[in-house]
2 protein chains.
Amino acid sequence: MEDAEQTIADRIQARLETLTRAERQLAHSILENYPASGLGPISALANDADVSTPTVARMVQKLGFKGYPEFQSELREELKAKVKSPIAKHDTWAEGAPSGHMLNRFTEAVIDNIRYSLGQIDTGDFDAACAQLADTTSKLHIVGGRITHTMAEYLFLHMQMIRPDVIHIQSTSNAWPHYLLDVKEDDTFVIFDVRRYESNTLKLAEMARGRGARIILFTDQWRSPIHSLADICFSSRIVVPSAWDSAATTLLLVETAIAAVQDLMWADTKERMQTLEDMFDQTKLFRKFT
Amino acid sequence: MEDAEQTIADRIQARLETLTRAERQLAHSILENYPASGLGPISALANDADVSTPTVARMVQKLGFKGYPEFQSELREELKAKVKSPIAKHDTWAEGAPSGHMLNRFTEAVIDNIRYSLGQIDTGDFDAACAQLADTTSKLHIVGGRITHTMAEYLFLHMQMIRPDVIHIQSTSNAWPHYLLDVKEDDTFVIFDVRRYESNTLKLAEMARGRGARIILFTDQWRSPIHSLADICFSSRIVVPSAWDSAATTLLLVETAIAAVQDLMWADTKERMQTLEDMFDQTKLFRKFT
DNA sequence: ACAATAATGAAACTATCCTTTCAGTTTGCA
DNA sequence: TGCAAACTGAAAGGATAGTTTCATTATTGT
């Protein structure tokens, strides 16, 4: 290796800006399974990245190699060196940052939270919750707290695409009675309540319960007092090296639920999505490509 | 990979006794720089071991591979699997659920996204972005799109607690000019824009840039067109087994940034937090305990 | 010590891979 | 809007790598 301390991955990273679309696509594919992907035949790599082989050949030349074989050769050298070095420590997430860097500490904590929380989860509950979310015979109300209303809204935005009769109850508690007026027996409430449990939210839960609604609760490891009112309760560990809590695990659960519900309802949703697309087209909200 | 958990190295070790002289020589050479040596051309390997290429070809077949290419292919698979850090290589996250359950598939994908995105990140950029977010000599504007405005708001809610002069620009584009009126040179914009890139958001970025603002962009792996206007750009991988994209990695970055900024400003923030607590007490928004 | 068997590598052959050219397409700019 | 430059992939060519054959050498048993 002529270049002192720079890995090929670094070189690719560095030149990412100067690359063309297909090349960038390829670059990502290389970095995806680095370095294994780069050690196979050029055509396999091209295939994985959905580009043509000439693109690969050109890019490696752009990166300063004489040809693909030379590129591979240096990759192998790099691999040799890496394996030899005392610890091939991949226990750090943001490579190039000390393991004490906030990025690594925080990510570590979040992964830990995810592992722990997922380990705790009752899959039966989860499936039941998804089924309930997919039940269009009754309305679906979604509500969050001071911070968690962002999660609530995230769920709302997606549910709204998937099914009809989804209501997002905004956090201004003055308006709650109006919302509750229309609640029927067996309506579903999804409630987010994590620590600094809000008395307002508890009130709402009680009222909803009083009107016969079923409650799905997303809370933290200590569980909001609402859990005694809830039919199904998901608790996520939320502690991270920060003055605040992490919503990452909660979001993961929410997104997973969205995916699961979407799977359950694909037949009904498909058409709904198409209609949505058409409307987007008409409003020209999005750019056509990339 | 037919054999469940056995690495190729193991297979070679196991059959070491049954090999002939030249083959044993070769085997040692392979294990010497495993797996790099086996990933090069057959002739290079033969040379290193001081045997002939047919010897290599024969031994590989003896080991049960159809030919040298197949041998290499499996070596690469092995490498791929190895690189995935032990932490992340969790077969099932939600124990008690089949690995094909949405919970496991989704989580797997998210962890993968996190690993990949974090691996991409330039720590220097990250630190610079945090420093900029902590810079109270200028205003901080936060803006998101149709879905991402939830992320924007999440960031806003926390930043608002940490520092003064934080503005959340709501997505209704009619009001943008009003917001932009007050933008000064060197104000900071945090913009969220993931695929289905919105033309509105691009417009806003252009206008902000035109007024001399610095832009920090959170986008996806394909990068919003805004990236060419941005000073700092964070791209997260967002693909999951769902009809929609995952914001989990983006949220992780946002939360980490919040924690880092909070660290940078602890002295100033402390007091601010206390004031906030006092006000919460007065409004009795929260329940006193758990 | 001799013959039979196995092992090994040189060389030829075949298959695959890498590169380059070229034409169609997109993109950027005036 | 039209033109020029750049990007991209299909296809062909040239190069390299992998396999097989076969003659030579080492090994083992008698």
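These figures come from a predicted structure and were not determined experimentally. Per chain, numbering begins at 1; letters A, B, ... match sequence-line order.
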Using a cut-off of under 3.5 Å, enumerate the N/O to N/O pairs linking the protein to nucleotides 20-22 of chain C.
from, atom 1, to, atom 2, distance (Å)
dT20(C), OP2, Q61(A), NE2, 3.3

Hey, can you pull the donor-acceptor pairs under 3.5 Å for the side chains in residues 119-131 of chain B, sequence neighbours left out?
from, atom 1, to, atom 2, distance (Å)
Q120(B), OE1, Q13(A), NE2, 2.3
Q120(B), NE2, H28(A), NE2, 3.4
Q120(B), NE2, Y116(B), OH, 3.0
D122(B), OD1, G124(B), N, 2.7
D122(B), OD1, D125(B), N, 3.1
D127(B), OD1, H101(A), NE2, 2.8

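- Salt bridge annotation for E206(B)-K203(B): absent, with no cationic side-chain nitrogen under 4.0 angstrom from a carboxylate oxygen.
- Using cut-offs of 30° and 60° on the angle between ring planes, the pair F218(B) and F192(B) is parallel.
- Atom CG in N47(B) sits roughly 10 Å away from atom P in dA10(C) (whole-Å rounding).
- By the side chain to side chain contact (heavy atoms under 4.5 Å, CB included) test, S117(B) is found to be paired with S236(B), R237(B), T249(B), residues two or more places apart in sequence or in another chain being considered.
- The salt bridge (Lys or Arg N to Asp or Glu O under 4.0 Å) pairs that include a residue from residues 244-256 of chain B are R195(B)-D245(B), where partners are two or more places apart or lie in different chains.
- The CG-P distance, from L19(B) to dT8(C), rounds to 10 Å in whole Å.
- The span of DNA chain D lying next to chain B, judged by atoms under 4.0 Å from heavy atoms, is bounded 5' to 3' by dG18(D) to dT20(D).
- With sequence neighbours excluded, the residues that form a side chain to side chain donor-acceptor pair (under 3.5 Å) with S52(B) are T55(B).
- Taking a cutoff of 4.0 Å between a charged side-chain nitrogen and a carboxylate oxygen, R105(B) and E108(B) do not qualify as a salt bridge.
- Applying the side chain to side chain contact (heavy atoms under 4.5 Å, CB included) test to K184(B) and every residue at least two apart in sequence or in another chain returns K139(B), D187(B).
- Checking side-chain atoms of Q221(B) against main-chain N and O of S235(B) turns up no donor-acceptor pair under 3.5 Å.
- Comparing the helix axis at one end of the helix from dA1(C)-dT30(D) to dC17(C)-dG14(D) with that at the other, each defined from 5 consecutive pairs, gives an inter-axis angle of 20° (nearest 10°).
- Residue order along DNA chain D, read from the 5' end via each residue's closest nucleotide, puts K62(A) first among K62(A) and I42(B).
- Rounded to whole Å, atom P of dC18(C) lies 15 Å from atom NZ of K66(A).
- The residue from D193(B), T201(B), T219(B) that alone fulfils the side chain to side chain donor-acceptor pair (under 3.5 Å) condition with S224(B) is D193(B).
- Among residue pairs with one or both ends in residues 45-66 of chain B, those qualifying as salt bridge (Lys or Arg N to Asp or Glu O under 4.0 Å) are E23(B)-K62(B); sequence neighbours excluded.
- Under the salt bridge (Lys or Arg N to Asp or Glu O under 4.0 Å) criterion, D231(B) pairs with R209(B), sequence neighbours left out.
- Taking atom CD of E23(B) as the reference point, atom C1' of dT8(C) lies 10 Å away to the nearest angstrom.
- Between P69(B) and D50(A), it is D50(A) whose nearest contact on DNA chain D lies nearer the 5' terminus.
- In terms of the ring pair (Phe, Tyr, Trp, His ring centres under 6.0 Å) criterion, residue partners of F189(B) (sequence neighbours excluded) are, by chain and number, H141(B).
- Rounded to a whole Å, the CG atom of L45(A) is 12 Å from the P atom of dT19(C).
- Comparing the axis of the opening five pairs of the helix from dT19(C)-dA12(D) to dA30(C)-dT1(D) with that of the closing five pairs yields an angle of 10°, rounded to 10°.
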